Amino acid sequence: QVHLVESGGGLVQAGESLILSCAASGSRFGSRGGWFRQGPGKEREFIAAIRWSDGRTNYADSVKGRFAISRDNAKNTVYLQMNNLQREDTAVYYCASGRGLSLTQLTYDYWGPGTQVTVSS
């Protein structure tokens, strides 16, 4: 079983950057790592995914060009670099670990508890 914990959330002003981390324990991270978010009054949405074996990535259109997902094999950790943050990026951000190799698959096996990101104007 994979235990995930996110960190790095906080309060920032519009235009600033944050980097979120998701550390896995108990086992290796998994074939895929993903980031999702849930804003106030909204459903959880997919943000980004990375395939552990070759580092290939996939992004939601809403964050493409501003966010970047990466992984560190030695640290068993996935990151989400978020640049030029906007108010609409305010949400709880969740990381996830999944089996399989498809970067468009939205089903994941393990989830972290989430970290709050708040963007003020």
Side-chain angles (χ1 to χ4, degrees):
Q1 184 160 351
V2 181
H3 180 63
L4 303 175
V5 178
E6 303 95 339
S7 61
L11 173 64
V12 296
Q13 293 190 335
E16 293 184 340
S17 300
L18 271 179
I19 182 165
L20 305 181
S21 300
C22 176
S25 61
S27 183
R28 296 305 301 172
F29 200 97
S31 301
R32 294 174 295 127
W35 285 97
F36 292 72
R37 68 185 180 188
Q38 186 166 14
K42 299 180 180 179
E43 295 185 353
R44 186 177 297 188
E45 64 171 338
F46 166 79
I47 294 299
I50 188 166
R51 191 157 59 205
W52 202 268
S53 59
D54 58 11
R56 290 195 69 176
T57 58
N58 183 40
Y59 296 94
D61 289 342
S62 58
V63 304
K64 201 172 292 184
R66 296 190 301 127
F67 291 12
I69 187 172
S70 61
R71 88 277 194 238
D72 186 322
N73 190 47
K75 294 183 178 180
N76 209 22
T77 298
V78 170
Y79 302 95
L80 184 68
Q81 173 72 50
M82 305 185 294
N83 299 321
N84 190 23
L85 284 161
Q86 303 299 315
R87 288 190 64 182
E88 54 265 33
D89 296 315
T90 294
V92 178
Y93 283 72
Y94 300 90
C95 73
S97 166
R99 293 167 290 181
L101 299 178
S102 172
L103 291 173
T104 58
Q105 182 180 349
L106 299 183
T107 302
Y108 283 78
D109 301 294
Y110 303 101
W111 294 82
T115 185
Q116 176 71 46
V117 173
T118 303
V119 184
S120 64
S121 58

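We're numbering straight along the sequence, starting at 1. Hydrogens, waters and symmetry mates are skipped; everything else that's a heavy atom, side chains included, is used. None of the values given here were measured: they were computed from a predicted structure.
A disulfide bond (SG atoms under 2.5 Å apart) check over residues 58-93, counting only residues at least two apart or in different chains, returns nothing. Listed by first and then second residue, the disulfide bond (SG atoms under 2.5 Å apart) pairs involving residues 18-117 are Cys22-Cys95 (not counting sequence neighbours). Among residues at least two apart or in separate chains, ring pair (Phe, Tyr, Trp, His ring centres under 6.0 Å) pairs with a member in residues 50-103 are Phe29-Trp52. Applying the side chain to side chain donor-acceptor pair (under 3.5 Å) test to residues at least two apart or on different chains, the pairs with a partner in residues 7-26 are Ser17-Asn83. Counting only residues at least two apart or on different chains, no disulfide bond (SG atoms under 2.5 Å apart) pair has a member in residues 39-73.
Between the CD atom in Gln81 and the CG atom in Leu18 there is a gap of 8.5 Å [rounded to 0.5 Å]. Note that the CG atom of Asn58 and the CD atom of Gln105 stand 12.0 Å from one another [nearest 0.5 Å]. The CD1 atom of Ile50 sits 8.5 Å away from atom CG of Leu103, with the distance rounded to the nearest 0.5 Å.
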For residues 41-48, please give each side-chain donor-acceptor pair under 3.5 Å, one per line with the distance, not counting sequence neighbours.
| residue | atom | partner | partner atom | Å |
| --- | --- | --- | --- | --- |
| Glu45 | OE2 | Arg37 | NE | 2.6 |
| Glu45 | OE2 | Arg37 | NH2 | 3.3 |

Could you go through residues 112-121 and list every donor-acceptor pair under 3.5 Å that involves a side-chain atom there, pairing it with any protein atom two or more places apart or in another chain?
| residue | atom | partner | partner atom | Å |
| --- | --- | --- | --- | --- |
| Thr115 | OG1 | Gly9 | N | 3.3 |
| Gln116 | NE2 | Ala91 | O | 3.4 |
| Gln116 | NE2 | Thr118 | OG1 | 3.3 |
| Ser120 | OG | Val12 | O | 3.4 |

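Tracing side-chain contacts under 4.5 Å through hydrophobic residues (I, L, V, M, F, W, Y), one never reaches Val78 starting from Phe36; they form parts of separate clusters. By the rule that hydrophobic residues join a cluster once side-chain heavy atoms approach within less than 4.5 Å of another member, Leu101 and Trp35 end up as members of separate clusters. Grouping the Ile, Leu, Val, Met, Phe, Trp and Tyr side chains by contacts below 4.5 angstrom, directly or via other members, places Val92 with Tyr108.
For Ser27, the side-chain contact (heavy atoms from CB on, under 4.5 Å) partners at least two apart in sequence or on another chain are Val2. Checked against side chain to side chain donor-acceptor pair (under 3.5 Å), Gln38 has no partners two or more places apart in sequence or in another chain. Under the rule for a side chain to side chain donor-acceptor pair (under 3.5 Å), the partners of Arg99 that lie at least two apart in sequence or sit in another chain are Asp109. Residues that satisfy the salt bridge (charged side-chain N to carboxylate O under 4.0 Å, His left out) test with Lys75, not counting sequence neighbours, are absent from this structure. Take Ser53 and apply the side-chain contact (heavy atoms from CB on, under 4.5 Å) test, not counting sequence neighbours, and it matches Arg51.
Closest approach of Arg32 to Gly100, counting heavy atoms only: CG-O, 3.2 Å. The heavy-atom pair separating Asn84 from Arg66 by the smallest distance is O-NH1, 3.0 Å.
Judged by distance alone, with hydrogens and angles left aside, the side-chain atoms of Asn76 form a donor-acceptor pair with the main-chain N or O of Ala24 at under 3.5 Å.
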Test side chain to side chain contact (heavy atoms under 4.5 Å, CB included) applied to Asp89 and Met82, step by step
CA-CA 9 Å; Asp89 296 315; Met82 305 185 294; over 6 Å; no
